[in-house]
2 protein chains.
Amino acid sequence: MKATPTSSSIEDYVKVIYSFTEWQDKPITSTQLAARLGVANSSVSEMVRKLKDQDLVDHEPYSPIRLTADGLKLALAMVRRHRLLETYLVRELDFSWDEVHDEAEHLEHAVSETFIERMSAKLGHPTRDPHGDPIPDAQGHIVMPPSHRLDELDAGHRGQIARISDHDPELLRHLQANGLGLDTKLEVIGRRPFGGTLEVRKLPSSFSPSSPAVPSSPDDADRLDLGEEAVLSLWLVTQGTHLDCTVQEPTAGSLMSPRNGR
Amino acid sequence: MKATPTSSSIEDYVKVIYSFTEWQDKPITSTQLAARLGVANSSVSEMVRKLKDQDLVDHEPYSPIRLTADGLKLALAMVRRHRLLETYLVRELDFSWDEVHDEAEHLEHAVSETFIERMSAKLGHPTRDPHGDPIPDAQGHIVMPPSHRLDELDAGHRGQIARISDHDPELLRHLQANGLGLDTKLEVIGRRPFGGTLEVRKLPSSFSPSSPAVPSSPDDADRLDLGEEAVLSLWLVTQGTHLDCTVQEPTAGSLMSPRNGR
DNA sequence: CGTACTATTTCGGTATACCTAAAATTTATA
DNA sequence: TATAAATTTTAGGTATACCGAAATAGTACG
């Protein structure tokens, strides 16, 4: 089965299905999809049937939903749109970090391919957006930085913030107020038992992992406690490896394995 | 009756109703509306009923359709969006004159008020778009240049191109190829009987109406014949008066009289 | 001044994308 | 392993915005 009519709802469904597996690989369920889209479960069931008819997803009743190669291609095109738009809004129209998401959400369905490519050119073909998310190229190739979510790291680990989830503008403002942004260097000091908080220390941006001499400032105003939401929203690149890459090939028949390579 | 749900269809209807009376004052009929929107007459009848319920138009069955003050306010907001977007696409994203219309048509329904105002600021709050159409300000005030359509002018009239209808990208490219653009100075030489064509002469841009000495170059390569479509798509400002203004007040209870002031 | 013609509206119908409630299936637990 | 609980699907229904065909109102002219 195949058809062309790609509505903006279809674009949203496919994008959410993709996003779910971008940083972990369990496929999404109907209920999770419904929650993320803000629609009823029954709406998802119907829509998934339609997506299946158009060969955008694989789905057996009562099982999770996976993108086909075509679905992945469409999803990556939408993700490209979204992330380029966010980057553009921040760089060219003085939008702040926390304002761009909703605007991009609407624009991504309205702009032409021409618009997207002109915008990408104007920006110098950026490869990551203001939150650190990688931007697929026009062919749908995406390079995932080998980052780790803060809750996976133990005391002593050092790294640079590579990605900050953009779903909560509140949190973005909070982080910014505490001096945390993309590329900020951090060291994990320790985990507070339960409650999900983590103690970290900001490292001077001059600090380089190739000079592992610890610039331990004795008593430091750079210590911070991060709450659970923050811990789950921050990803670090832990190597000196600044952009170690994995190229995804969406045109291949097989699905990508989007998990980072270590 | 009043309600808030302003869909993108409603926005289109209201915008087309407004546009029809922007340069002449006969109100639009159902059939004309249907033709311009590319929908069936029956669709217009239904939709006009809805617009009336929302107090956006005045309409008696079998009569033409007029905007109410609320409708005019919405229309001017949409026109502002459209024209700012066109200006932005040309100035910031290297779109050409003839490409912008369709793109703006989609974007105008998707962008936020914030986006519009940031864009306007970035552009230095322009007052006319790339085709010469006036851009209403954020309060819905619009300044109509006192221009005349080329078909209303007689031999000997001179002026500057103030507006070029943007509905036919073909025509825009044709005019550009013949060196005609916004602010090009012209003199009407004569009318060819029937067939609608008009002979004009390009004047050097240095030519000023305050020095009415005719710089009559004897045999001129600057003569052009304009076909009917071109004649109906070009407006000239004929005075030295470069931006003589009329301010429309859409919040007033009465409808504006959008015809230029002579 | 009535009839033919045109413009406009009304009347069923369609497609998309939702919803709630009920039925079916899977999973978890006692 | 049977039954309760949770998940997922189906069934029936809503709103928007279209359509074509039929009915109705207005206009034009012989």
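Everything numeric in this text was worked out from a predicted model, so none of it was measured. Protein chains get the first letters and strands the later ones, always in sequence-line order, with residue 1 at the start of each.
In this structure, B:Arg118 satisfies the cation-pi test against A:Phe95, with its NZ or CZ atom closer than 6.0 Å to the six-membered ring centre and inside 45 degrees of the ring normal.
Side-chain rings of B:His131 and B:His101 stay apart, their centers remaining 6.0 Å or farther from each other. Ring centroid separation for the pair A:His109 and B:His106 does not come in under the 6.0 Å cut-off.
Taking atom CD1 of B:Ile65 as the reference point, atom P of C:dA7 lies 14 Å away to the nearest angstrom. The interatomic distance linking A:Leu37 (CG) with C:dC18 (P) rounds to 8 Å, in whole Å. Nucleotide C:dT10 holds its C1' atom 13 Å from the CG atom of B:Asn41, rounded to whole Å. Whole-Å rounding puts the B:Gln32 CD to C:dT8 C1' distance at 13 Å. Rounded to whole angstrom, the span from the CD atom of B:Glu60 across to the P atom of C:dT9 amounts to 11 Å. Atoms OH (A:Tyr62) and C1' (C:dT27) sit 13 Å apart, rounded to a whole Å.
Nucleic acid contact class of B:Ser45 (heavy atoms, under 4.0 Å, all strands): base. The residue A:Thr31 sits close only to the backbone: its heavy atoms come under 4.0 Å of sugar-phosphate atoms, none of a base. Nucleic acid contact for B:Ser42: base, since at least one base atom lies under 4.0 Å from a heavy atom of the residue. Within 4.0 Å (heavy atoms only), B:Ala40 reaches sugar-phosphate atoms of the nucleic acid but no base atom. Residue-level contact check: B:Ser43 touches the bases, meaning some heavy atom is under 4.0 Å from a base atom.
Between the side chain of B:Ser30 and the base of C:dT9, no donor-acceptor pair under 3.5 Å is found.
A donor-acceptor contact under 3.5 angstrom links the side chains of A:Thr29 and A:Gln32, judged on distance only.
Between B:Arg128 and B:Glu86 there is no salt bridge, since no side-chain nitrogen of the basic residue lies less than 4.0 Å from a carboxylate oxygen of the acidic one.
Mapping heavy-atom proximity under 4.0 Å, the span of DNA chain D touched by chain A runs 5' to 3' from D:dT7 to D:dG12.
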- [ ] Kindly determine whether A:Glu92 and B:Arg91 satisfy salt bridge (Lys or Arg N to Asp or Glu O under 4.0 Å), including the steps that lead there.
- [x] CA-CA 13 Å; A:Glu92 301 288 326; B:Arg91 301 234 292 246; over 6 Å; no
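More than 12 heavy atoms of other residues, nucleotides or ligands sit less than 6.0 Å from atom NE2 of A:His59.
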